[in-house]
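One structure below.
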Amino acid sequence: MNVQITDTILRDAHQSLMATRMSMEDMEPILPLLDQIGYASLECWGGATFDACIRFLQEDPWERLRKIKRLAPNTPLQMLIRGQNLLGYRHYADDVVERFIQLSAENGVDVFRIFDALNDPRNLETAVKAVKDTGKEAQLAIAYTISDVHTIDYYQQLGRKFAEMGADSLCIKDMAGILTPNKCRQLVKRLKQVTGLPIIVHTHCTSGIAQLTYQAAIEAGADRIDTALSPFSEGTSQPATESMALSLKEDGYDVSLDVQKLEEAANYFREVKDRYLENGLLDPKMLTPDPRALIYQVPGGMLSNMYSQLKQANATDRYEEVLKEVPEVRKDLGFPPLVTPLSQMVGTQAAMNILTGERYKMVSNEVKSYLLGEYGKSPVRIDEAFIQSIVGEHPRIDDRPANHLDAELEKLKTEIGSLAKNDEDVLTYALFPQVGKTFLEEKYSLAAAKNDVNEIVKIFGYTRG
Ligand code: CO
């Protein structure tokens with residue numbers, strides 16, 4: 001049996017371990033070798049890469065994508081995209097979603113892994129259609145979470161719905177590392193049975209069981225797993241590619257990765273890693289598993305966030321109470337998956353409920369918008385009296401949230417004006433208005449300065465060393 005591997009070294013691995021700070025400079029020299037390893041795909045774009053490129057690295061994310069494509073032309077390139085949110089923090093109008101996907105495909109993306117924080121299929125519709133129009137792979141991802149309603153049957157229905165929408169493959173996306181081997185086995189079997197589609201499992205080592213989960217996934221018939229080259233594996237990242245490949249090969253699976261080249265690539269990244277340990281971007285703390293995620297069934301990142309918030313409020317002694325309040329808030333809010341932005345919303349609400357001594361005395365604007373339906377549909381219907389008690393008679397959205405958004409691409413073009421030299425620039429601005437604008441200003445003034453130097457060199461006949 002064949003097992004395919006996607007390597008996350010260029011995206012999730014460094015996003016999970018060191019806030020997505022790996023620069024193109026560190027990727028470039030090794031790309032031709034990565035291209036020869038035999039990966040099913042290289043995950044390299046989306047998630048926070050775009051944001052980190054323009055905010056911290058002064059790199060044009062579109063240029064990064066084109067470069068990766070040029071240097072690794074034989075391996076499908078994969079991106080992660082949050083449905084109607086694309087890579088930003090709000091819902092975009094359909095015309096922006098369509099243009100973004102078109103241009104991502106043109107610039108090099110072959111596999112689009114699309115998910116929605118609430119698993120609301122309506123927030124995926126436009127993205128899926130747009131990907132299908134480009135002829136690229138539409139991989140729909142189930143955001144995995146644990147609650148009374150997130151049963152195997154629930155995920156089965158979701159998988160079936162995704163298949164009907166035209167998914168080319170399905171991913172079980174366990175961003176928190178809380179998928180146990182037992183649940184994974186059941187899920188893979190069931191999704192395979194009802195959809196017949198290729199099944200990909202994505203997990204993190206956060207709680208210390210990812211390798212067991214992958215073993216169970218493959219034994220249950222999963223087609224592909226996501227791993228990371230060893231220097232950037234484990235901890236909050238994925239299991240090590242080399243170790244998984246060797247272990248699976250010995251078990252008789254056909255893993256068509258070049259082991260020799262894997263080792264060469266790992267050697268390269270070991271040096272890269274040392275540099276990030278030295279400059280402090282990679283905190284060794286990230287490398288230790290945190291099984292509390294399994295005990296409390298909430299993501300490790302959310303636990304540490306809540307703890308630091310309580311610390312700021314001088315209330316770490318209420319931590320246990322807040323922890324117990326989390327499942328209560330989640331129940332009131334219709335059991336949303338604990339992923340961004342819902343994990344922050346639920347965590348903060350739980351803390352406010354405990355610290356103010358009265359449940360829902362204070363409610364954030366985000367939770368109010370959520371209750372008005374602006375994020376999409378909650379997994380379970382929320383009690384009407386509860387909604388009324390918080391948002392009163394305010395008008396609600398009960399259809400697809402993006403139906404309420406007017407086309408906005410032309411408006412964005414007008415706003416950014418001549419600062420955008422092409423539609424890629426317009427989208428950079430659309431996704432991150434402030435940071436994007438500053439980035440474009442700097443990019444083009446730098447380019448202009450460079451051109452001047454070139455002019456001077458030409459005029460004076462200097463050879464530049
Ligand atoms: Co991930």
Side-chain angles (χ1 to χ4, degrees), residues 4-22 39-52 77-83 85-87 109 111-119 124 139-146 155 169-180 183-184 187-188 199-214 217 222 224-241 244 282 286-287 289-290 293-294 297-305 337-344:
Q4 300 177 329
I5 307 263
T6 289
D7 209 299
T8 63
I9 183 87
L10 305 177
R11 204 283 296 179
D12 205 5
H14 67 105
Q15 178 170 331
S16 302
L17 291 174
M18 51 178 215
T20 338
R21 297 300 175 78
M22 196 187 288
Y39 290 124
S41 62
L42 272 169
E43 192 193 44
C44 63
W45 220 54
T49 54
F50 204 103
D51 191 358
L77 300 185
Q78 183 173 315
M79 83 168 293
L80 180 69
I81 178 168
R82 292 193 288 265
N85 291 351
L86 298 175
L87 310 177
V109 174
V111 182
F112 289 83
R113 177 177 289 172
I114 316 165
F115 79 104
D116 173 61
L118 285 172
N119 285 318
L124 305 174
Q139 182 179 110
L140 293 199
I142 292 171
Y144 180 76
T145 187
I146 302 172
Y155 289 122
S169 54
L170 289 183
C171 171
I172 302 166
K173 178 177 156 55
D174 171 29
M175 48 275 153
I178 53 176
L179 177 61
T180 56
K183 291 282 171 5
C184 180
L187 259 177
V188 169
I199 306 291
I200 295 104
V201 179
H202 173 93
T203 188
H204 287 252
C205 299
T206 321
S207 59
I209 55 166
Q211 287 86 344
L212 297 173
T213 301
Y214 277 162
R224 191 185 300 172
I225 52 173
D226 288 0
T227 60
L229 277 165
S230 56
F232 288 92
S233 71
E234 302 267 343
T236 46
S237 174
Q238 274 82 40
T241 308
M244 284 304 305
L282 179 52
M286 304 308 278
L287 301 170
D290 184 358
L294 290 176
Q297 305 200 329
V298 297
M302 183 177 161
L303 289 173
S304 44
N305 252 346
L338 296 175
V339 255
T340 307
L342 275 312
S343 46
Q344 291 85 339

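Reckoned from all heavy atoms, side chains included, excluding hydrogens, waters and symmetry mates. Each ligand, and each atom within it, is numbered from 1 in the order the structure gives.
- Sorted by chain and number, the protein atoms of type N, O or S within less than 2.8 Å of the Co ion (ligand 1) are Asp12 OD2, His202 NE2, His204 NE2.
- The distance from the SG atom of Cys184 to the CD1 atom of Ile209 is 9.5 Å, given to the nearest 0.5 Å.
- Scanning both residues, Met286 and Leu17, for their nearest heavy atoms gives CG-O, 3.6 Å.
- Interatomic distance, Ser233 OG to Met244 CE, rounded to the nearest 0.5 Å: 11.5 Å.
- Of the listed residues (Asp12, Asp226, Asp7), just one forms a side-chain hydrogen bond (donor to acceptor under 3.5 Å, both in side chains) with Gln238, and that residue is Asp12.
- For Thr203, the side-chain contact (heavy atoms from CB on, under 4.5 Å) criterion is met by Asp174, Ala210, Tyr214, not counting sequence neighbours.
- The backbone N or O of Ala228 lies less than 3.5 Å from a partner atom in the side chain of Thr241, making a donor-acceptor pair.
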